[in-house]
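Report on the structure given below.
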Amino acid sequence: MRRAVCPGSFDPLHKGHLEVIARAANLFDEVIVAVSDNPAKRYRFSTERRLELIRATVSGLAGVSAQAMGPGLLAEFCREVGAGAIVKGLRNGPDLEFETPMAAMNRHLTGVETVFLPADARYVHLSSSLIKEVHGLGGDISEMVPTAVLSALRATGPGGP
């Protein structure tokens, strides 16, 4: 079985993430959406809430699941779950420059390969940070995020918890 991990903080999950996850599901038998936390970041949603939103959104995608990654190295998480690949979406050149050394390190540490998928042109401008900023200033993000995420953001208000 070919298993891959799509890692990220997904705060919030947006349609660019979802499109990459769906494409990964076409390439691999199983895709684990690994939700990570960075203690240096302030998140809009808790890890559990992000997992709930992801699960609600990907429930129709065969072979896709979500779980918390926990602290530690992504390469070790991949080894623990038996994944042979990491799937990362790339929006632009700086994304590639940022991700390439990490891909090489992950391969060095555990042999896990990284598969880069270029962002669909419809979503190349999306980032979770930008979506939170636009939402916080009252902008319309309804075309940028899945329905469950939009409802959750609206429920927390523009400033969030």
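Just so you know, residue 1 is the first one in the sequence shown, and it goes up from there.
- Side-chain heavy atoms closer than 4.5 Å link hydrophobic residues (I, L, V, M, F, W, Y) into clusters, and following such links, even through other members, never connects Ile54 to Ile86.
- Atoms NE2 and OG, from His135 and Ser142 in turn, are 11.5 Å apart once rounded to the nearest 0.5 Å.
- With rounding to the nearest 0.5 angstrom, the CE atom of Met69 is 10.5 Å from the OG atom of Ser9.
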Identify each donor-acceptor pair in which a side-chain atom of residues 28-35 lies under 3.5 Å from a protein atom, sequence neighbours left out, and give them as a table.
residue: Asp29; atom: OD2; partner: Arg2; partner atom: N; Å: 2.7
residue: Glu30; atom: OE1; partner: Arg3; partner atom: NE; Å: 2.8
residue: Glu30; atom: OE1; partner: Arg3; partner atom: NH2; Å: 2.8

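- Remark: side-chain polar atoms of Tyr123 are not paired, donor with acceptor, to backbone N or O of His14 under 3.5 angstrom.
- Take Glu76 and apply the salt bridge (charged side-chain N to carboxylate O under 4.0 Å, His left out) test, not counting sequence neighbours, and it matches Arg79.
- For residues 95-105, the side chain to side chain donor-acceptor pair (under 3.5 Å) pairs, not counting sequence neighbours, are Lys88-Glu99, Arg91-Asp95.
- Residues Asn106 and Cys78 fail the side-chain proximity criterion, which asks for heavy atoms closer than 4.5 Å.
- Salt bridge status for Arg23 with Glu19: present, with a side-chain N to carboxylate O gap under 4.0 Å.
- The CD1 atom of Ile131 lies 10.5 Å from the CG atom of Leu150; values are rounded to the nearest 0.5 Å.
- Using modelled atom types, one side-chain atom of Thr156 and one backbone atom of Leu153 make a donor-acceptor pair closer than 3.5 Å.
- Residue pairs meeting the ring pair (Phe, Tyr, Trp, His ring centres under 6.0 Å) criterion with at least one partner in residues 63-119, sequence neighbours excluded, do not occur; the list is empty.
- Remark: Asp37 pairs with Thr47, Arg50 by the side-chain hydrogen bond (donor to acceptor under 3.5 Å, both in side chains) rule, at least two apart or across chains.
- Side-chain atoms of Ser128 never come within 3.5 Å of backbone atoms of Phe10 as a donor-acceptor pair (strictly under, hydrogens ignored).
- Between Val20 and Val87 there is a side-chain heavy-atom pair separated by less than 4.5 Å.
- Leu130 is connected to Phe45 through a chain of hydrophobic side-chain contacts under 4.5 Å among Ile, Leu, Val, Met, Phe, Trp and Tyr, so both are in one cluster.
- Residue pairs meeting the salt bridge (Lys or Arg N to Asp or Glu O under 4.0 Å) criterion with at least one partner in residues 126-148, sequence neighbours excluded, are Asp11-Lys132.
- In the hydrophobic clustering of this structure, Met105 does not group with Val115; members are Ile, Leu, Val, Met, Phe, Trp, Tyr whose side-chain heavy atoms approach within less than 4.5 Å, directly or through other members.
- At a cut-off of 3.5 Å, with distance as the only test, no side-chain donor of Thr114 or Arg107 sits close to an acceptor on the other residue.
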